[in-house]
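A quick write-up on the structure given underneath.
Quick note: numbers below take in every heavy atom, side chains included, and nothing from hydrogens, waters or symmetry partners. Start at 1 and go down the list; that is how both ligands and their atoms are numbered.
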Amino acid sequence: MTLRLFFVLLIVPYYRTIAQIQRCATSEVVRYIQLSDPDYVRRVDEVYTQARALAEKQLASRNEDDTIFHIRCVFHVVYAANKPQENIPDSVIYSQIEVLNEDYRRLNADTSKTREVFLPVAADTKIQFELATEDPNGQPTNGITRQTGNGGFFGFNPIQDNVKSNSTGGRDPWPTDRYLNIWVCNLFAGILGYAFPPSNAPGWPANASVDSARQGVVLHYQVVGRNNPNPIDPAVARGRSATHEIGHYLGLRHIWGDTTGCNKFDGDGIPDTPKQADAHQQNCDTTDNTCADSPTDFPDMLENYMDYSDDRCLNMFTLGQKEIMRAILRTSRRGIAYTTLSTTVKNAEADFTRFTVSPNPAGDIAWVNITLPKHENTCQVRVTDTAGREVASCLYTGQPLAIPTYSLPAGIYHIQAVSHTKNQTIRMIVNPR
Ligand SMILES: [Ca+2]
Ligand SMILES: [Ca+2]
Ligand SMILES: [Zn+2]
């Protein structure tokens, strides 16, 4: 099948360097693992196939999915003791989170540069990022760890993946099924970053993936944030290496499909990204049109985050890419994000005529009653704890809805009801028993 072919073809080195900068080494590390673990490719293929099926279903349903995914991130800054500049300040990491939230929510200032022909497929992915507030032991944290490490004379090496373990001079991850681990270090040979695509197929036992301890993103310390005190090059100084690598981590492939030429299958496997013969290397030439598409021929989408273009030309993900990433967040990366419902509603009158939870404080069961707006038959009801974790989610269909509260720990919960025109949240208290 075509996805397997993709990886076989990957054995041909495809990349060039931009002024001695190698934008991303993800394909190289995947290819390398394939040599020692042939089943890795099958697992990645399987996950991608499932994600594509889910994504196609969502695109076809035409129902806007209002779920927002909030990804918990931890940054591990691993620096050489004699190179304090590698120990980037917190402010640079905050800037990186800001860039990610702009790019993934399509709030970036340069959306205005997206060419008109691509506006119909430009996407707000409704994926957000935040620094973890709780460490794996339940203790408060700022979501940043720092430690001295030793990547050797040339820096850490993507093929050895040595930044991800204390035993190899790096730092062990936090549980990769609960956090997006982002290692920041000096990377070998001017490589800006790399990431592993998801390989934990849905429904498998936890940790079934042989490389769960390696899941995450690695970034060169000089490409983090857009206020980096030592940017490696102005071409990549807007924090978009992280946008690109997290795209891989959430299942996306390079837009040109990692092999050169037009006579290949559908490249990245996503219909709304045009065919493209090769990566754009620091090139913002909007006249480029390297492959004929049918029925409509589009120019190359060099503003796509999954190309190798200059940070200054990148400004969009597509709807197809969005749905792949969201499908991955519902399956193999399910544990790393919590969800909320979008607070944007189409009607200014957001509250329901009636929305009650009783008793409150709750007994063993709390009853939800809602008066649905005219012409609406259902609304979604979600219960989340104060950390934003969803504890229940159901559809209200006009009948009183029972929320079993006897199994919930004591505390405050948010009950949010969302219909097409209304969006309201009520606080519910569960007392200690
Ligand atoms: Ca495509
Ligand atoms: Ca074209
Ligand atoms: Zn890449």
Side-chain angles (χ1 to χ4, degrees), residues 2-3 5-7 10 13-18 21-32 44 48 51-52 55-56 59 103 115 117-118 120-123 158 182 187 190-198 216-220 223 235-236 240-282 285-311 314 316-325:
T2 52
L3 289 170
L5 179 66
F6 173 90
F7 279 96
L10 267 183
Y14 68 89
Y15 62 88
R16 302 191 298 264
T17 54
I18 344 170
I21 290 172
Q22 187 183 334
R23 180 95 220 193
C24 162
T26 292
S27 302
E28 282 70 30
V29 293
V30 167
R31 204 174 64 217
Y32 180 77
V44 171
Y48 196 60
R52 283 178 64 178
E56 275 158 29
L59 279 172
D103 288 354
R115 281 171 282 171
V117 65
F118 295 136
V121 296
I182 300 174
L187 269 180
I191 290 164
L192 305 187
Y194 62 98
F196 288 104
V217 167
V218 181
L219 296 172
H220 194 290
V223 298
V236 290
R240 284 179 161 155
S241 296
T243 306
H244 176 104
E245 295 306 335
I246 292 171
H248 285 312
Y249 170 84
L250 295 176
L252 298 186
R253 296 181 170 174
H254 287 134
I255 186 174
W256 68 96
D258 286 308
T259 57
T260 54
C262 300
N263 193 15
K264 54 197 175 192
F265 65 103
D266 59 355
D268 59 359
I270 296 175
D272 63 9
T273 55
K275 276 190 176 181
Q276 188 172 303
D278 201 353
H280 287 94
Q281 304 284 359
Q282 210 175 342
D285 185 352
T286 52
T287 64
D288 278 0
N289 185 351
T290 54
C291 294
D293 314 279
S294 70
T296 311
D297 189 18
F298 293 101
D300 291 0
M301 191 186 274
L302 52 88
E303 50 268 79
N304 193 285
Y305 294 123
M306 298 317 287
D307 203 342
Y308 274 3
S309 320
D310 191 313
D311 272 15
L314 299 177
M316 69 177 289
F317 284 118
T318 68
L319 294 170
Q321 290 175 319
K322 164 187 175 176
E323 294 306 338
I324 292 283
M325 293 193 280

Restricting to N, O or S, what is the name of the atom of H248 that lies nearest the Zn ion (ligand 3)? NE2
Students often mix this up, so state it plainly: with edges at 30° and 60°, are the rings of F118 and F298 parallel, tilted or perpendicular? tilted
So which N/O/S atom does H254 have closest to the Zn ion (ligand 3)? NE2
Quick one: does any side-chain atom of D293 pair with a main-chain N or O of K275 as donor and acceptor, under 3.5 Å? yes
For the metal site, I want the angle between atom SG of C24 and atom NE2 of H244 with the Zn ion (ligand 3) at the apex, to 10°. 110°
Hey, does the side chain of Y308 reach the backbone of C24 with a donor-acceptor pair shorter than 3.5 angstrom? yes
To the nearest 10 degrees, how large is the angle at the Ca ion (ligand 1) between T273 O and I270 O? 100°
Closer than 3.0 Å to the Ca ion (ligand 2), what protein N/O/S atoms do you find? N289 OD1, C291 O, D293 OD2, D297 OD1, F298 O
Return the set of residues passing ring-ring contact (aromatic ring centres under 6.0 Å, His included) with Y249 (not counting sequence neighbours), or none when no residue passes. none
Mind checking side chain to side chain donor-acceptor pair (under 3.5 Å) for H220 and listing every partner two or more places apart, or none if nothing turns up? N186
Results of side-chain contact (heavy atoms from CB on, under 4.5 Å) for T290 - residues two or more places apart only: Q276, A277, D300
D268 atom (N/O/S) at minimal separation from the Ca ion (ligand 1): OD1
SB check R253 D258 (cutoff 4.0 Å): no
Evaluation steps, side chain to side chain donor-acceptor pair (under 3.5 Å), between S309 and E303: CA-CA 7 Å; S309 320; E303 50 268 79; over 6 Å; no
